[in-house]
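Below: the structure, in structure tokens.
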Amino acid sequence: MQRHKPKRSGKPRPHPKPNNGQPSPSNKQKRPRPEYNKSKLAANDLEIRELQERYKEIDAQAIKKFAQFPLSKKTQKALAEAKFVNPTQVQLESLGPALLGKDVLGAAVTGSGKTLAFLIPVLEHLFIHKWSRTDGVGAIIISPTRELAYQIFETLKKVGKHHDFSAGLIIGGKNLKFERTRMDQCNILICTPGRLLQHMDENPLFNTSSMEVLVLDEADRCLDMGFQKTLNSIIENFPPERQTLLFSATQTNTVQDLARLNLKDPVYVGYGSQSAASTSLSASASTSIKEGIQTTAVLAVPELLQQSYVVLNLEDKITMLWSFIKNHLKQKIIVFVSSCKQAKYLYEIFCKLRPGCPLLALYGTLHQDRRIAIYEDFLRKSHVVMFSTDVASRGLDFPAVNWVVQLDCPEDVSQYIHRAGRSARNKTRGECLLVLTPSEEDYMIRALKEQLNLNIHCVQIDPKKLFSPRVKIEAFLAQFPELRATAQRAFLSYLKSVFLMRNKRLFNVFSLDLDAYAQSLGLAVTPRVPFLEKFLWRQKQLQQQQSSAEGPAGASQSPSTALPKITRQQTFGGEDSSNEDDDDTDDDDLIKVKRRDHDVEGGPLELQLDHTKDEGKPEEPLVVPKREKLVTKASLAKKALKKNLQVNSKLKFDEEGETVADDRSQMKALSSRQQRQQKDKNKDDDGGINLVLSKTLLSEEDQYDKLRFRELVKKRHKLQREKLRKKAEAAQETSEDEAEDEEGVNDQEDADANSDSDNSVDLSWLPDPDKVYKKESNQYNQNGDPQSQPKPEPSSSCDDNEDDGEDSDDEPAFKKSKLTNKMTLMDTEAIVANLLGS
Ligand SMILES: Nc1ncnc2c1ncn2[C@@H]1O[C@H](COP(=O)(O)OP(=O)(O)OP(=O)(O)O)[C@@H](O)[C@H]1O
């Protein structure tokens, strides 16, 4: 946890906790004199009393400067130092009621200073109530994203620097243990909902019973379905007697949401008052609206924001973006896309293409430290393009953003407002370009005009100014397989994001030309889209059921006419379908990041598709049956591990049916046995690999494997030698037989008379085979191992000494067997020639 410790000026704290009235010996020297302390306390009390009296007299219409507000000297000083002199409209309207302790619902245009509108009351509340570190948590500020929480924390550091309160930033991706030990010492906590709930559940030191102010920044997002369950659980832990401040550019006012928060007679700021939507300082008194009265938060975009849109086919988006960036190299641009994988792919491929300006990518699946580094990098740079998901669409205050390009259509008007609002902040100029596909144009533009009263104009792109990077992209994808995999994931994640959108009239995945889109990403083959295939299959089933229920008349309709367009490659499979399962699960994650609790995954999803409309019949929503949970290899493996099953053990049996241990599968190393014993002892082992132990284990096993291999080689050589010997013996026998036969033919009578005589042919010149073979067999012992042999010259090409040994053992035997064979053949020829000649 990061903690803000305000600088201590060496002066005493306003309300030090007395140590039974006696200063502790250790800090005796440092403690100020009691008289001084007393006068300081008295001055403080006086200041508080005066401020409280002035609260009732606040007149928002008369105030022009912060100095006119009854704020503590410490806050005033910090505001002046940060050059906050004139309050903005939302600050003017909300500060009064908030200082009086009322609940406030603030809605104001993006970049109009809502952060100060809640931070100042938080600081003042703690100051007025003489909060000290030992009093625990006094205020909690909840933000939907980590970057926004970080930004609020930084602003708090600025405006609260002269106060003595401690503050903590509690966001995911940080050191949980560190946060745990420090949380109870913080007076102001700035957190994301998930992390806050985690601490509430797991941290016994965390106590919110003293909490007095709750702030929800981007309240509509905090209260929407994505955080609904988390926030409900959080609110349960808060004391009901508290002040609640809700702020957003697109404020919620649904009765259920407000009831959940237990608001008491809240003051609405920026509701039903057009002036509040603009950044001008025209006076508009805040209105306390009693329960039951219908109110509408004003939706608006900054006055100085120029907005336009362009209609393009999906496959032309990359060409358009590339040309756009090349034409705006000296500008600060944010490009919004709908999924993390798209942001990643665009970043990677554009980096390879080198447009000539710095590139960044900010999305939720990045490591937290990297996210903060990218956020700060984008803050600093003046010419840069950042590809981002909606993680950067709310609240982030990047200075001087020239362009916001909404490359993928926003989910609704609120999202459009927040994305566009990253530009033209706090009375600066900015531009926003919305990119729509032909199927999105009609609905989106109508919604923007109706809800925002917006005069957005369509721009035509000059085809001459378009540069297509397609050929280069294809070349890069051919060269880098990992880039191709990223492109495939981007393709699938975009389709999935469109498929899961609730508004089916705006987002129709079946209107997209998938082959063309895949090609535009540089993919030669369109990847398979398993979730669409499944959906179509189910739809077909439903149609068949319906038609069979309706009878032959209903069955006459061919299913292919009712099915939306799906291309050849999708049905027959495409490039690298091996990691589709992974992609699916990953894509789920990314969808969940945005709307974590949406029940689109599990619950029935109503899909109203244009192609399902039957003329004359009322539109019937298609109901997708509950999706079965995907069974992945990883989940099966996890299950098997949990059951502690012995997997893949092979048994061998001998002829008597007894099991024989398979030598190959046995781990022989001593350390492996020790490890196994250790594992058996620690059944609760939480998994993971001990790298050091594994290394020693593997090197030991390696030794055993080498020994085993040497034995095998020896056996093989022994067999070869035996074979050769038998061959030679057989050849010897046949040559003797032939000689005998020839003798019999030529001199049968002599042979008969002198049958015992061998002297007819002189074979004394032949080598004695017995001698030869005896000598050879004597060279090897019973196991076939060579006995003492003179070593041959080592081969220069051989590196392995152990192998050298093997070769040297083998060489003489091989040579000898060859020699024996040759002699036998020559002998046979000589014998035959001799016999024929005689
Ligand atoms: N009174 C002020 N005087 C001058 N600058 C101000 C004042 N109040 C806020 N600002 C500046 O205006 C910018 C926008 O403020 P902030 O981020 O609070 O807007 P916001 O309304 O919360 O925007 P969003 O709706 O996008 O969250 C910041 O840079 C902030 O420093």
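Both counts, for ligands and for their atoms, begin at 1 and track the order of listing. For this chain, numbers begin at 1 and follow the sequence in order.
The shortest N or O to N or O distance between T115 and ligand 1 is under 3.5 Å.
For F66, the closest heavy-atom approach to ligand 1 falls below 4.0 Å. At least one heavy atom of S112 sits closer than 4.0 Å to an atom of ligand 1. Within the structure, ligand 1 lacks R394 among the residues with a heavy atom less than 4.0 angstrom away. The shortest separation from a heavy atom of E218 to ligand 1 is under 4.0 Å, placing the residue in contact.
Looking at atom 11 (C) of ligand 1, its nearest protein heavy atom turns out to be N426 ND2, 3.5 Å. Protein heavy atom in closest approach to atom 4 (C) of ligand 1: F84 CD2, 3.7 Å. Among protein heavy atoms, the minimum distance from atom 1 (N) of ligand 1 is reached at N86 O, 2.8 Å. The protein non-hydrogen atom at the shortest distance from atom 17 (O) of ligand 1 is R425 NH2, 3.0 Å. Ranking protein heavy atoms by distance to atom 8 (N) of ligand 1, first place goes to Q91 NE2, 2.8 Å. Nearest protein heavy-atom neighbour of atom 29 (O) of ligand 1: D397 OD2, 2.4 Å. Nearest protein heavy-atom contact of atom 21 (O) of ligand 1 is K114 NZ, 2.8 Å.
Here is the list of ligand 1 atoms found below 4.0 Å of a heavy atom in L116: 8 (N). Of all atoms in ligand 1, numbered sequentially from 1 with element shown, those under 4.0 Å from a heavy atom of R422 are 26 (O). The distance from ligand 1 to the heavy atoms of G395 drops below 4.0 Å at these ligand atoms: 24 (P), 26 (O), 27 (O).
Side chain of R370 to backbone of H367: no donor-acceptor contact under 3.5 angstrom is found. At least one donor-acceptor pair under 3.5 Å links the side chain of R425 to the backbone N or O of G421. Here the side chain of Q342 pairs no donor or acceptor atom with the backbone of S493 at under 3.5 angstrom. No donor-acceptor pair under 3.5 Å is formed between the side chain of N86 and the backbone N or O of K65.
T155 places none of its side-chain heavy atoms less than 4.5 Å from the side chain of D397. At a threshold of 4.5 Å between non-hydrogen side-chain atoms, the residues L119 and I141 count as touching. Side-chain contact between L346 and L321 is present, with at least one heavy-atom pair separated by less than 4.5 Å. Considering only heavy atoms from C-beta on, F127 comes within 4.5 Å of N44 through its side chain.
A salt bridge does not link D390 to R394: none of the charged nitrogens lies less than 4.0 Å from a carboxylate oxygen. Remark: E81 does not engage K158 in a salt bridge, criterion side-chain N to carboxylate O under 4.0 Å.
Between the choices S143, S393, A107, G111, the shortest heavy-atom distance to atom 23 (O) of ligand 1 belongs to G111. Among A249, S248, G113, the residue whose heavy atom lies nearest to atom 15 (O) of ligand 1 is G113.
The number of heavy atoms from other shown groups lying within 6.0 Å of NZ (K77) does not exceed 12.
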